[in-house]
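Structure first, then comments.
One-based numbering, in listed order, for ligands and for the atoms of each. Only heavy atoms go into these numbers, but all of them, side chains included; no hydrogens, no water, no symmetry mates.
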Amino acid sequence: MRKLIIVGSGPAGYTAAIYAARGGLAPLVIASSVEAGGELMNTTEVENFPGFPEGIQGPELMTKMQEQAERFGAEIVYDDVVGVDLGGMVKKVVLGSGKEYEADALIYATGSAPRKLGLDGESRLSGRGVSYCATCDGFFFRERVIAVVGGGDSALEEATFLTKFASKVYVIHRRDELRASKIMQERAFANEKIEFVWNSAVADILGQDAVTGVVLEDTVDGSRRELALEGVFVAIGNDPRTRLVTGVLETTSAGTVWVDGRSSRTSVPGVFAAGDVIDPIYRQAVTAAGSGTVAALDVEHYLAALGEAGEPDATADQIEGLPAL
Ligand code: NAP
(Lines give C-alpha, C1' and ligand atoms only; values in the text may rest on other atoms or scores of the structure.)
Protein backbone atom coordinates (compact mmCIF):
# COMPACT_ATOMS: atom_id res chain seq x y z
CA MET A 1 0.00 0.00 0.00
CA ARG A 2 1.15 3.51 -0.87
CA LYS A 3 1.11 6.59 1.27
CA LEU A 4 -0.30 8.87 -1.43
CA ILE A 5 -1.96 8.66 -4.83
CA ILE A 6 -2.28 11.82 -6.92
CA VAL A 7 -4.88 11.79 -9.68
CA GLY A 8 -4.01 14.31 -12.38
CA SER A 9 -0.81 15.59 -13.95
CA GLY A 10 -1.34 19.28 -14.58
CA PRO A 11 0.50 21.97 -12.59
CA ALA A 12 -1.49 21.08 -9.45
CA GLY A 13 -0.84 17.34 -9.64
CA TYR A 14 2.85 17.61 -10.49
CA THR A 15 3.54 20.33 -7.92
CA ALA A 16 1.80 18.24 -5.27
CA ALA A 17 4.00 15.34 -6.43
CA ILE A 18 7.20 17.41 -6.14
CA TYR A 19 6.37 18.48 -2.58
CA ALA A 20 5.10 15.07 -1.47
CA ALA A 21 8.09 13.27 -3.03
CA ARG A 22 10.52 15.65 -1.32
CA GLY A 23 8.59 14.95 1.89
CA GLY A 24 9.39 11.25 1.49
CA LEU A 25 5.89 10.13 0.57
CA ALA A 26 6.91 8.49 -2.76
CA PRO A 27 3.60 9.48 -4.40
CA LEU A 28 2.05 7.59 -7.27
CA VAL A 29 0.79 10.00 -9.95
CA ILE A 30 -1.93 8.74 -12.25
CA ALA A 31 -1.24 10.98 -15.21
CA SER A 32 -3.95 9.93 -17.71
CA SER A 33 -3.37 7.93 -20.86
CA VAL A 34 -4.23 10.74 -23.30
CA GLU A 35 -4.03 14.08 -21.53
CA ALA A 36 -0.92 13.65 -19.36
CA GLY A 37 0.34 17.12 -18.50
CA GLY A 38 -3.11 18.68 -18.48
CA GLU A 39 -4.40 21.72 -20.34
CA LEU A 40 -0.94 23.28 -20.77
CA MET A 41 -0.15 20.53 -23.25
CA ASN A 42 -2.58 22.32 -25.59
CA THR A 43 -0.91 25.70 -25.18
CA THR A 44 2.03 27.01 -27.13
CA GLU A 45 4.06 29.78 -25.51
CA VAL A 46 3.62 30.28 -21.75
CA GLU A 47 4.92 33.72 -20.87
CA ASN A 48 3.44 34.28 -17.42
CA PHE A 49 4.86 31.36 -15.44
CA PRO A 50 7.43 32.90 -13.10
CA GLY A 51 11.03 31.86 -13.66
CA PHE A 52 10.97 31.76 -17.45
CA PRO A 53 11.72 35.32 -18.61
CA GLU A 54 11.94 34.22 -22.25
CA GLY A 55 8.71 32.19 -21.99
CA ILE A 56 8.43 28.44 -22.30
CA GLN A 57 6.32 26.10 -24.42
CA GLY A 58 3.44 24.58 -22.42
CA PRO A 59 4.45 20.94 -23.08
CA GLU A 60 8.08 21.70 -22.15
CA LEU A 61 6.98 23.26 -18.86
CA MET A 62 4.96 20.18 -18.03
CA THR A 63 7.84 17.85 -18.93
CA LYS A 64 10.09 19.82 -16.57
CA MET A 65 7.53 19.54 -13.76
CA GLN A 66 7.25 15.80 -14.39
CA GLU A 67 11.03 15.34 -14.34
CA GLN A 68 11.28 17.38 -11.15
CA ALA A 69 8.68 15.15 -9.47
CA GLU A 70 10.42 11.97 -10.66
CA ARG A 71 13.80 13.23 -9.48
CA PHE A 72 12.52 13.12 -5.90
CA GLY A 73 10.89 9.71 -6.20
CA ALA A 74 7.39 10.24 -7.61
CA GLU A 75 6.21 7.33 -9.74
CA ILE A 76 4.10 8.19 -12.76
CA VAL A 77 1.58 5.88 -14.40
CA TYR A 78 0.15 6.82 -17.81
CA ASP A 79 -3.34 5.46 -17.47
CA ASP A 80 -6.82 6.74 -16.64
CA VAL A 81 -8.63 6.30 -13.38
CA VAL A 82 -11.94 4.65 -14.16
CA GLY A 83 -13.17 4.05 -10.62
CA VAL A 84 -12.53 5.17 -7.05
CA ASP A 85 -13.41 3.90 -3.61
CA LEU A 86 -12.67 6.75 -1.20
CA GLY A 87 -15.03 6.26 1.73
CA GLY A 88 -12.84 4.05 3.92
CA MET A 89 -9.48 4.65 5.56
CA VAL A 90 -7.80 3.05 2.54
CA LYS A 91 -8.26 5.01 -0.69
CA LYS A 92 -8.53 2.84 -3.78
CA VAL A 93 -8.34 3.65 -7.47
CA VAL A 94 -8.99 1.38 -10.43
CA LEU A 95 -7.23 2.14 -13.71
CA GLY A 96 -8.31 1.55 -17.30
CA SER A 97 -5.88 -1.35 -17.47
CA GLY A 98 -7.76 -3.00 -14.60
CA LYS A 99 -4.87 -2.44 -12.22
CA GLU A 100 -5.78 -1.25 -8.71
CA TYR A 101 -3.78 0.86 -6.28
CA GLU A 102 -4.35 1.69 -2.62
CA ALA A 103 -3.06 4.51 -0.44
CA ASP A 104 -3.60 6.24 2.89
CA ALA A 105 -4.38 9.55 1.17
CA LEU A 106 -5.41 10.80 -2.24
CA ILE A 107 -5.08 14.16 -3.97
CA TYR A 108 -7.69 14.79 -6.64
CA ALA A 109 -6.27 17.24 -9.22
CA THR A 110 -8.09 16.48 -12.44
CA GLY A 111 -8.44 20.10 -13.58
CA SER A 112 -11.20 21.54 -15.70
CA ALA A 113 -11.99 21.59 -19.35
CA PRO A 114 -13.13 24.66 -21.23
CA ARG A 115 -16.51 24.13 -22.84
CA LYS A 116 -16.23 23.83 -26.60
CA LEU A 117 -18.52 25.06 -29.33
CA GLY A 118 -18.21 21.68 -31.02
CA LEU A 119 -17.34 22.96 -34.49
CA ASP A 120 -14.95 21.32 -36.98
CA GLY A 121 -13.13 24.61 -37.57
CA GLU A 122 -12.74 25.05 -33.82
CA SER A 123 -10.73 21.86 -33.30
CA ARG A 124 -8.76 22.31 -36.55
CA LEU A 125 -7.72 25.87 -35.68
CA SER A 126 -7.23 25.42 -31.95
CA GLY A 127 -3.90 27.09 -31.09
CA ARG A 128 -3.90 28.75 -34.53
CA GLY A 129 -6.27 31.58 -33.75
CA VAL A 130 -8.81 29.71 -31.65
CA SER A 131 -8.07 30.01 -27.95
CA TYR A 132 -9.74 29.32 -24.61
CA CYS A 133 -7.50 31.57 -22.51
CA ALA A 134 -7.12 35.31 -23.02
CA THR A 135 -4.48 35.63 -20.32
CA CYS A 136 -2.40 32.97 -22.07
CA ASP A 137 -2.80 34.02 -25.70
CA GLY A 138 -4.04 37.63 -25.81
CA PHE A 139 -0.54 38.95 -26.33
CA PHE A 140 -0.37 37.29 -29.76
CA PHE A 141 -3.26 39.36 -31.10
CA ARG A 142 -1.74 42.84 -31.07
CA GLU A 143 -3.61 45.17 -33.41
CA ARG A 144 -5.78 42.31 -34.68
CA VAL A 145 -9.55 42.08 -35.01
CA ILE A 146 -10.79 39.25 -32.84
CA ALA A 147 -13.95 37.90 -31.23
CA VAL A 148 -14.95 36.51 -27.87
CA VAL A 149 -17.84 34.04 -27.83
CA GLY A 150 -20.11 34.03 -24.76
CA GLY A 151 -22.17 36.37 -22.61
CA GLY A 152 -21.04 35.56 -19.08
CA ASP A 153 -18.49 37.13 -16.74
CA SER A 154 -15.67 35.16 -18.36
CA ALA A 155 -16.51 36.42 -21.84
CA LEU A 156 -16.70 40.06 -20.76
CA GLU A 157 -13.62 39.83 -18.58
CA GLU A 158 -11.67 38.28 -21.46
CA ALA A 159 -13.04 40.81 -23.97
CA THR A 160 -12.06 43.72 -21.74
CA PHE A 161 -8.62 42.24 -21.13
CA LEU A 162 -8.11 41.60 -24.85
CA THR A 163 -8.70 45.25 -25.74
CA LYS A 164 -5.21 45.85 -24.32
CA PHE A 165 -3.88 44.07 -27.39
CA ALA A 166 -6.48 43.82 -30.13
CA SER A 167 -7.62 46.71 -32.31
CA LYS A 168 -11.23 45.51 -32.05
CA VAL A 169 -13.03 42.84 -30.04
CA TYR A 170 -16.44 41.53 -31.07
CA VAL A 171 -18.44 39.86 -28.33
CA ILE A 172 -20.65 37.28 -30.02
CA HIS A 173 -23.59 36.23 -27.87
CA ARG A 174 -26.48 33.94 -28.71
CA ARG A 175 -29.08 36.13 -26.98
CA ASP A 176 -29.75 39.88 -26.72
CA GLU A 177 -29.19 39.92 -22.99
CA LEU A 178 -25.98 39.18 -21.12
CA ARG A 179 -25.56 36.72 -18.27
CA ALA A 180 -22.59 38.67 -16.92
CA SER A 181 -22.76 40.81 -13.78
CA LYS A 182 -23.83 44.45 -14.08
CA ILE A 183 -20.40 45.83 -13.33
CA MET A 184 -18.76 43.70 -16.02
CA GLN A 185 -21.44 44.75 -18.49
CA GLU A 186 -20.95 48.44 -17.74
CA ARG A 187 -17.19 48.11 -18.15
CA ALA A 188 -17.58 46.36 -21.49
CA PHE A 189 -20.25 48.76 -22.80
CA ALA A 190 -17.98 51.70 -21.97
CA ASN A 191 -15.04 50.21 -23.89
CA GLU A 192 -14.82 51.69 -27.37
CA LYS A 193 -12.93 48.71 -28.75
CA ILE A 194 -15.74 46.27 -27.90
CA GLU A 195 -18.65 45.74 -30.25
CA PHE A 196 -21.48 43.39 -29.32
CA VAL A 197 -22.93 41.03 -31.90
CA TRP A 198 -26.30 40.01 -30.49
CA ASN A 199 -28.52 37.02 -31.21
CA SER A 200 -25.71 35.28 -33.01
CA ALA A 201 -24.29 31.79 -32.82
CA VAL A 202 -20.96 30.87 -34.36
CA ALA A 203 -21.86 28.26 -36.98
CA ASP A 204 -18.32 27.81 -38.30
CA ILE A 205 -14.79 29.11 -37.91
CA LEU A 206 -13.04 29.79 -41.20
CA GLY A 207 -9.41 29.44 -42.26
CA GLN A 208 -6.90 26.78 -43.29
CA ASP A 209 -3.80 27.35 -41.14
CA ALA A 210 -5.04 30.46 -39.32
CA VAL A 211 -8.41 31.96 -38.50
CA THR A 212 -9.76 34.28 -41.21
CA GLY A 213 -13.34 34.70 -40.04
CA VAL A 214 -16.48 33.15 -38.62
CA VAL A 215 -19.87 32.23 -40.01
CA LEU A 216 -22.59 33.70 -37.81
CA GLU A 217 -26.10 32.38 -37.61
CA ASP A 218 -28.83 34.74 -36.48
CA THR A 219 -30.59 32.93 -33.62
CA VAL A 220 -33.86 34.79 -34.36
CA ASP A 221 -34.33 34.42 -38.13
CA GLY A 222 -31.70 31.75 -38.95
CA SER A 223 -29.93 33.89 -41.57
CA ARG A 224 -26.18 33.48 -42.01
CA ARG A 225 -23.33 35.91 -42.68
CA GLU A 226 -19.55 35.96 -42.52
CA LEU A 227 -17.49 38.18 -40.24
CA ALA A 228 -13.78 38.66 -41.01
CA LEU A 229 -11.44 38.39 -38.01
CA GLU A 230 -8.17 36.76 -36.95
CA GLY A 231 -8.83 35.29 -33.55
CA VAL A 232 -11.67 33.59 -31.68
CA PHE A 233 -11.67 33.28 -27.90
CA VAL A 234 -14.27 30.80 -26.73
CA ALA A 235 -15.49 31.75 -23.23
CA ILE A 236 -18.70 29.82 -22.75
CA GLY A 237 -17.84 28.33 -19.37
CA ASN A 238 -15.57 25.72 -17.86
CA ASP A 239 -16.43 22.34 -16.52
CA PRO A 240 -14.41 21.02 -13.58
CA ARG A 241 -13.63 17.37 -14.14
CA THR A 242 -15.58 15.88 -11.24
CA ARG A 243 -17.17 12.90 -13.00
CA LEU A 244 -15.16 10.32 -11.03
CA VAL A 245 -16.16 11.73 -7.66
CA THR A 246 -19.78 12.68 -8.30
CA GLY A 247 -21.80 11.67 -5.27
CA VAL A 248 -18.58 10.89 -3.36
CA LEU A 249 -17.11 14.34 -2.69
CA GLU A 250 -19.24 17.38 -1.92
CA THR A 251 -19.30 19.98 -4.67
CA THR A 252 -20.08 23.71 -4.72
CA SER A 253 -22.82 25.52 -6.62
CA ALA A 254 -20.17 26.29 -9.28
CA GLY A 255 -19.67 22.55 -9.76
CA THR A 256 -16.16 22.49 -8.28
CA VAL A 257 -15.07 20.07 -5.55
CA TRP A 258 -15.76 21.64 -2.15
CA VAL A 259 -12.73 22.22 0.07
CA ASP A 260 -12.57 23.50 3.63
CA GLY A 261 -11.59 27.18 3.54
CA ARG A 262 -8.10 27.79 2.19
CA SER A 263 -7.13 24.16 2.75
CA SER A 264 -7.37 21.30 0.26
CA ARG A 265 -9.44 19.09 2.58
CA THR A 266 -12.55 17.74 0.86
CA SER A 267 -15.69 16.43 2.54
CA VAL A 268 -14.05 12.98 2.82
CA PRO A 269 -11.18 12.57 5.31
CA GLY A 270 -7.94 11.60 3.62
CA VAL A 271 -9.06 12.96 0.25
CA PHE A 272 -7.62 16.30 -0.82
CA ALA A 273 -8.27 18.35 -3.95
CA ALA A 274 -6.22 20.95 -5.79
CA GLY A 275 -6.08 23.06 -8.93
CA ASP A 276 -8.83 23.95 -11.36
CA VAL A 277 -11.13 21.25 -10.03
CA ILE A 278 -11.59 23.41 -6.88
CA ASP A 279 -11.22 26.82 -8.53
CA PRO A 280 -14.11 28.44 -10.43
CA ILE A 281 -12.36 31.80 -10.83
CA TYR A 282 -8.58 32.09 -11.28
CA ARG A 283 -7.67 28.93 -13.23
CA GLN A 284 -4.02 29.82 -13.88
CA ALA A 285 -1.09 27.39 -14.06
CA VAL A 286 0.65 29.22 -11.24
CA THR A 287 -2.40 29.28 -8.95
CA ALA A 288 -2.95 25.57 -9.64
CA ALA A 289 0.69 24.90 -8.76
CA GLY A 290 0.25 26.80 -5.48
CA SER A 291 -2.88 24.82 -4.78
CA GLY A 292 -0.95 21.58 -5.36
CA THR A 293 1.56 22.72 -2.76
CA VAL A 294 -1.24 23.27 -0.24
CA ALA A 295 -2.57 19.76 -0.91
CA ALA A 296 0.81 18.10 -0.43
CA LEU A 297 1.36 19.93 2.87
CA ASP A 298 -2.16 19.03 4.03
CA VAL A 299 -1.46 15.38 3.21
CA GLU A 300 1.78 15.47 5.22
CA HIS A 301 -0.14 16.82 8.23
CA TYR A 302 -2.93 14.30 7.74
CA LEU A 303 -0.55 11.34 7.56
CA ALA A 304 1.36 12.57 10.60
CA ALA A 305 -1.92 12.86 12.53
CA LEU A 306 -2.97 9.44 11.23
CA GLY A 307 0.24 7.97 12.63
CA GLU A 308 -0.33 9.64 15.99
CA ALA A 309 -3.91 8.38 16.10
CA GLY A 310 -2.57 4.83 16.16
CA GLU A 311 -2.99 3.60 12.60
CA PRO A 312 -3.97 0.98 11.52
CA ASP A 313 -6.59 0.80 14.32
CA ALA A 314 -7.76 4.38 13.85
CA THR A 315 -11.26 4.73 12.43
CA ALA A 316 -12.41 7.34 9.96
CA ASP A 317 -14.35 9.03 12.79
CA GLN A 318 -11.26 9.31 14.95
CA ILE A 319 -9.31 10.91 12.12
CA GLU A 320 -12.20 13.19 11.24
CA GLY A 321 -12.30 14.31 14.85
CA LEU A 322 -8.71 15.50 14.79
CA PRO A 323 -8.32 19.27 15.18
CA ALA A 324 -8.31 21.30 11.98
CA LEU A 325 -4.80 21.97 10.74
P1 NAP B 1 -21.33 31.22 -17.45
O2 NAP B 1 -21.70 32.21 -16.44
O3 NAP B 1 -21.95 29.86 -17.41
O4 NAP B 1 -21.63 31.87 -18.87
C5 NAP B 1 -21.46 31.14 -20.05
C6 NAP B 1 -21.90 32.01 -21.21
O7 NAP B 1 -21.65 31.29 -22.40
C8 NAP B 1 -23.40 32.34 -21.17
O9 NAP B 1 -23.62 33.65 -21.61
C10 NAP B 1 -23.98 31.34 -22.16
O11 NAP B 1 -25.09 31.84 -22.88
C12 NAP B 1 -22.86 31.15 -23.14
N13 NAP B 1 -22.86 29.82 -23.72
C14 NAP B 1 -22.88 28.63 -23.07
N15 NAP B 1 -22.84 27.63 -23.95
C16 NAP B 1 -22.81 28.20 -25.17
C17 NAP B 1 -22.76 27.67 -26.49
N18 NAP B 1 -22.71 26.36 -26.74
N19 NAP B 1 -22.72 28.55 -27.53
C20 NAP B 1 -22.74 29.89 -27.30
N21 NAP B 1 -22.79 30.45 -26.08
C22 NAP B 1 -22.83 29.60 -25.03
O23 NAP B 1 -19.75 30.92 -17.47
P24 NAP B 1 -18.53 31.92 -17.15
O25 NAP B 1 -18.73 33.22 -17.81
O26 NAP B 1 -17.29 31.14 -17.44
O27 NAP B 1 -18.62 32.13 -15.58
C28 NAP B 1 -18.58 31.00 -14.70
C29 NAP B 1 -18.64 31.47 -13.25
O30 NAP B 1 -17.44 32.16 -12.92
C31 NAP B 1 -19.77 32.45 -13.02
O32 NAP B 1 -20.29 32.23 -11.74
C33 NAP B 1 -19.11 33.79 -13.10
O34 NAP B 1 -19.79 34.81 -12.38
C35 NAP B 1 -17.74 33.48 -12.50
N36 NAP B 1 -16.73 34.41 -13.00
C37 NAP B 1 -16.51 35.54 -12.28
C38 NAP B 1 -15.59 36.46 -12.73
C39 NAP B 1 -15.33 37.69 -11.93
O40 NAP B 1 -16.12 37.99 -11.06
N41 NAP B 1 -14.25 38.39 -12.16
C42 NAP B 1 -14.90 36.25 -13.93
C43 NAP B 1 -15.18 35.10 -14.64
C44 NAP B 1 -16.11 34.19 -14.18
P45 NAP B 1 -26.52 32.08 -22.16
O46 NAP B 1 -26.34 33.30 -21.34
O47 NAP B 1 -27.45 32.24 -23.31
O48 NAP B 1 -26.77 30.84 -21.36
Could you tell me whether the side chain of Y108 reaches within less than 4.5 Å of the side chain of K91, counting heavy atoms only? no
Side-chain contact, heavy-atom cut-off 4.5 Å: F196 with L178? yes
Less than 4.0 Å from some atom of ligand 1, heavy atoms are found in residues R115, L117, G150, G151, G152, D153, S154, E157, H173, R174, R175, R179, M184, I236, G237, P280
Count the heavy atoms belonging to other residues, nucleotides or ligands that lie under 6.0 Å from [atom1] of [X], then report whether that count exceeds 12.
X	atom1	value
K193	NZ	yes
R71	CZ	no
R115	CZ	yes

In short, ring pair (Phe, Tyr, Trp, His ring centres under 6.0 Å) pairs touching residues 67-101 with sequence neighbours left out are none
